[in-house]
Amino acid sequence: MADAYTLPRDAPESARLDEQHQTWKATVAYPSLLHPRIIEFIASMQAHIADVATGTGAWLLDLAAMPEHARHTYIGLDISSAQFPATYPSNVTFGGLNIFDLLPAEYHSYFDVIHVRLLVLGLAGEQWHTTARNLLAMLKPGGYLQWEEADFAHPTYYSAPTNPSTSSGLEVLHRHVLTVLQPHGRMMDEATQLPQICRQAGFEELEER
């Protein structure tokens, strides 16, 4: 399977992804990793939970390790297995999935909850719509998708008090990144269009945060 991931899949990148998960959890995500409505939804069931484009499985392993979520079953899915962990709990598995392709029959309407995060470097153009449609097809009726993205086309920069040039340096770097990626269809602002993409895919109830 051709890998849509723009960055390398080596040990330093895996370490960066694990650190990114901790930073995201501390500053952006819900403390319990799931939206409160999803926690309420799965409270009385043994849920099937998938993490699509899982990478190192950092989010999945973190959630599975929480005592209140230990009864659920988890699977991390990715187009490449290169960053899958060597060991993991008995209620966690990992497998291959190209989200752009025809879905395996066993994943149709199978999951109660699906999580995805920061696909902005892996998707371009129509791939966003294909991904949204396939994610919906993987959910059971009434299931939940938690999709976490960022608008990297319009960031806000802050300079350190001791180094006022930090902001201008980051702006220059950002312009170079956009110059490289945007001609290939990665506009980096797709997060702003995500609600519309999900509605067009068939999701009926959306909440932005």
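Numbering starts at 1 and runs along the sequence shown. Because the structure is predicted, anything quoted here is derived from the model rather than measured.
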Just so I know, are the side chains of Leu34 and Leu63 near enough to count as touching, which here means a heavy-atom distance under 4.5 Å?
yes
If the condition is side chain to side chain donor-acceptor pair (under 3.5 Å), which residues does Gln20 pass it with, not counting sequence neighbours?
Arg16
side-chain contact (heavy atoms from CB on, under 4.5 Å) filter on Ala137, not counting sequence neighbours, yields Leu103, His108
Residues passing the ring-ring contact (aromatic ring centres under 6.0 Å, His included) test with Tyr74, sequence neighbours excluded, are none
Pairing residues for Phe84 by the ring-ring contact (aromatic ring centres under 6.0 Å, His included) criterion, not counting sequence neighbours
Phe94
Going by the rule side chain to side chain donor-acceptor pair (under 3.5 Å), which residues pair with Tyr107 if we only count those two or more places apart in sequence or in a different chain?
none
Can you list every pair that meets salt bridge (charged side-chain N to carboxylate O under 4.0 Å, His left out) and has a residue in residues 20-43, with sequence neighbours left out?
Lys25-Asp62, Arg37-Glu205, Arg37-Glu207
Note, Phe111 side chain near Ile75 side chain (heavy atom, < 4.5 Å)
yes
Please assess Arg9 against Gln83 for the test side chain to side chain donor-acceptor pair (under 3.5 Å), listing each intermediate value before the final yes or no.
CA-CA 6 Å; Arg9 290 188 182 273; Gln83 293 171 291; 2.8 Å; yes
Establish, from distance only, whether the side-chain atoms of His48 and Asp112 form a donor-acceptor pair under 3.5 Å.
no
Within the 4.5 Å heavy-atom criterion, are Leu139 and Phe203 side-chain neighbours or not?
yes
Results of ring-ring contact (aromatic ring centres under 6.0 Å, His included) for His35 - residues two or more places apart only
Tyr30
State whether a side-chain donor-acceptor pair under 3.5 Å links Thr56 with Asp18.
yes
Output all residues satisfying side chain to side chain donor-acceptor pair (under 3.5 Å) with His69, sequence neighbours left out; order by chain, then residue number.
none
So, Asp78 side chain and Gly55 main chain: donor-acceptor pair closer than 3.5 Å or not?
yes
Among residues at least two apart in sequence or on other chains, which ones pass side-chain contact (heavy atoms from CB on, under 4.5 Å) with His129?
Glu126, Arg133, Ile197, Gln200
Is a side-chain N or O of Asn134 found less than 3.5 angstrom from the main chain of Ile99, in a donor-acceptor match?
yes
Restricting to pairs with a member in residues 83-96, which pass salt bridge (charged side-chain N to carboxylate O under 4.0 Å, His left out), not counting sequence neighbours?
none
Taking the side chain as C-beta and beyond, is there a heavy-atom pair between Pro89 and Leu61 under 4.5 Å?
yes
Reference residue Trp147; test side chain to side chain contact (heavy atoms under 4.5 Å, CB included); the match among Leu118, Val52, Leu119
Leu119
Taking side chain to side chain contact (heavy atoms under 4.5 Å, CB included) as the criterion, tell me which of Asp51, Val116, Thr54 meets it with Trp59.
Asp51
Taking only residues two or more places apart in sequence, or in another chain, which ones meet Gln146 in a side chain to side chain donor-acceptor pair (under 3.5 Å)?
Glu148
Holding to side-chain contact (heavy atoms from CB on, under 4.5 Å), I want the full list of residues that pass it with Arg199, two or more places apart in sequence or in another chain.
Pro195, Leu206
Main-chain N/O of Arg71 paired to Gln46 side chain as donor or acceptor, under 3.5 Å
yes
